[in-house]
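Single-structure report; data block below.
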Amino acid sequence: MSDAITITDISETDGETTFKRVMLKISGEALMGDLGYGLHPPTVERIAREVKSVHDMGVEICMVIGGGNVFRGLSGSAQGMERTTADYMGMLATVMNALAMQSALEEMGVFTRVISAIRMDEVAEPYIRRRAVRHLEKKRVCIFAAGTGNPYFTTDTAATLRANEMACEAIFKGTKVDGVYDKDPAKFEDAVRYDNVSYDDVLAKRLGVMDASAIALARDNNLPIIVFSLDEPDGFKGILAGRGTYTRVSD
Ligand code: UDP
């Protein structure tokens, strides 16, 4: 795992990027636009365009997309469903999102693979680490679907796990806001954004970047998490090229 990239490395790149391989984690809700549920095709296309622009820089891209726009295990179990069944439904939702992103990217001429943690050979490749690495080397965007394949986890943990396995240099977590704040900036005008924050502070102050198991897994493997706004036009590319605002979670 690379531990060499600092915040100055990013900002001194002057339009180029020092990153070779990254993980982009977005929630399922990021794909639903202003709809209350499901997929909003123009939003999927806009995010795919962002991914393409980073791909065009020569960066190898892994992606994990959540399933919250369709189904979350916790809400299913809150309605009386068995938790594990509800979690499997959540994992299946991530496969639909991955296929939507694959379709949008391939429409733009970017080669992709959807790689599923749950076997469904007619729909997606099974997860085989060395094969996935080979896809990345061949500049195919790898969209990892079905989370970790296990209930009681989230796609944040899946993104951290796959980022470690694929030797990504950082996780880019695209959200609605441009970083991590000391309190919810949607509710508090005086919320302050961190430029840098440690994994331990994220956990101790419950800053809500990712769930605790994902943060711990990133911390234990020295994997930086860069939180940025997906709503900013050219946000993903801009951050990689040293522009824009973000928070870096690292030690
Ligand atoms: N999920 C799971 N195991 C995993 C990843 C996901 O059981 O390894 C289930 C879980 O029910 C979760 C749902 O899939 O609620 C959707 O994932 P997540 O909540 O992480 O999606 P996001 O909030 O990022 O859209």
Side-chain angles (χ1 to χ4, degrees), residues 23-40 43-44 46-48 50-51 62-102 104 114-120 123-124 126-127 129 132 142-166 171-177 180 184 186 202 206-218 221 223 225-231 236 249:
M23 165 65 69
L24 174 64
K25 165 69 196 356
I26 60 176
S27 70
E29 282 172 0
L31 302 185
M32 76 184 182
D34 290 334
L35 305 175
Y37 178 82
L39 291 159
H40 182 240
T43 304
V44 177
R46 180 178 64 76
I47 295 174
E50 294 263 340
V51 173
C62 303
M63 283 184 86
V64 167
I65 307 171
N69 55 325
V70 179
F71 197 85
R72 277 211 181 86
L74 272 178
S75 39
S77 67
Q79 289 161 20
M81 192 179 282
E82 192 198 0
R83 171 70 193 266
T84 46
T85 303
D87 277 342
Y88 279 114
M89 289 173 68
M91 286 184 258
L92 295 179
T94 73
V95 180
M96 289 196 276
N97 287 337
L99 292 174
M101 182 55 62
Q102 173 173 53
V114 172
I115 300 170
S116 175
I118 296 174
R119 282 199 81 121
M120 47 179 93
V123 174
Y127 176 67
R129 192 188 71 85
C142 287
I143 309 169
F144 295 99
T148 62
N150 300 289
Y152 296 98
F153 287 93
T154 66
T155 52
D156 282 344
T157 306
T160 313
L161 173 68
R162 295 294 185 236
N164 282 320
E165 291 180 281
M166 295 296 115
I171 302 184
F172 286 74
K173 163 110 178 168
T175 70
K176 286 187 187 318
V177 288
V180 182
D184 186 351
V202 169
R206 295 176 177 265
L207 291 177
V209 180
M210 286 182 164
D211 60 81
S213 40
I215 297 289
L217 189 59
N221 294 284
L223 178 70
I225 303 165
I226 293 164
V227 183
F228 71 101
S229 168
L230 257 188
D231 291 342
F236 184 30
V249 183

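Each ligand, and each atom within it, is numbered from 1 in the order the structure gives.
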Separation of [Y] [atom2] from [X] [atom1] (nearest 0.5 Å):
{"X": "Ile47", "Y": "Leu230", "atom1": "CD1", "atom2": "CG", "value": "5.0 Å"}
{"X": "Asp211", "Y": "Thr154", "atom1": "CG", "atom2": "OG1", "value": "3.5 Å"}
{"X": "Thr160", "Y": "Asn164", "atom1": "OG1", "atom2": "CG", "value": "7.0 Å"}
{"X": "Met23", "Y": "Met166", "atom1": "CE", "atom2": "CE", "value": "8.0 Å"}

Looking at residues at least two apart in the chain, or sitting in another chain, which of them share a side-chain hydrogen bond (donor to acceptor under 3.5 Å, both in side chains) with Glu50? none
For ligand 1, note which part of Asn69 has a heavy atom under 4.0 Å away: side chain, backbone, both or neither. neither
Contact partition for Lys173 relative to ligand 1, non-hydrogen atoms under 4.0 Å: neither
Please write down residue, atom name and distance for the protein heavy atom closest to [atom].
{"atom": "atom 14 (O) of ligand 1", "answer": "Gly90 C, 3.1 Å"}
{"atom": "atom 21 (O) of ligand 1", "answer": "Gly67 N, 3.0 Å"}
{"atom": "atom 15 (O) of ligand 1", "answer": "Gly73 N, 3.2 Å"}
{"atom": "atom 5 (C) of ligand 1", "answer": "Thr154 C, 3.4 Å"}
{"atom": "atom 7 (O) of ligand 1", "answer": "Asp87 CB, 3.1 Å"}
{"atom": "atom 6 (C) of ligand 1", "answer": "Phe153 O, 3.6 Å"}
{"atom": "atom 18 (P) of ligand 1", "answer": "Thr155 OG1, 3.4 Å"}
{"atom": "atom 19 (O) of ligand 1", "answer": "Arg72 NE, 3.3 Å"}

Ligand-side contact atoms (ligand 1) for residue partner [X], heavy atom cut-off under 4.0 Å:
{"X": "Asn150", "answer": "2 (C), 3 (N), 4 (C), 7 (O), 8 (O)"}
{"X": "Pro151", "answer": "7 (O)"}
{"X": "Gly147", "answer": "4 (C), 5 (C), 8 (O)"}
{"X": "Lys25", "answer": "24 (O)"}
{"X": "Thr148", "answer": "4 (C), 8 (O)"}
{"X": "Gly68", "answer": "21 (O), 22 (P), 25 (O)"}

Does a side-chain N-to-carboxylate-O contact under 4.0 Å join Lys176 and Asp231? no
Quick one: sort the Phe228 and Phe172 rings into parallel, tilted or perpendicular, breaks at 30° and 60°. perpendicular
Polar proximity ligand 1 side, [X] side, N/O cut 3.5 Å exclusive:
{"X": "Tyr88", "answer": "no"}
{"X": "Ser27", "answer": "no"}
{"X": "Gly28", "answer": "yes"}

Checking Thr94 side chain against Ala146 main chain: does a donor-acceptor pair fall under 3.5 Å? yes
Using side-chain hydrogen bond (donor to acceptor under 3.5 Å, both in side chains), reason through Ser27 and Glu29 one step at a time and then give a plain yes or no. CA-CA 5 Å; Ser27 70; Glu29 282 172 0; 4.9 Å; no
Side chain to side chain contact (heavy atoms under 4.5 Å, CB included) involving Arg119 - partner list, sequence neighbours excluded: Asp121, Pro126
Kindly give the heavy-atom pair with the smallest separation between Ala132 and Tyr127, and that separation in Å. CB-CE1, 4.4 Å
Applying the side chain to side chain contact (heavy atoms under 4.5 Å, CB included) test to Ile26, which of Thr155, Asn97, Ile65 qualifies? Ile65
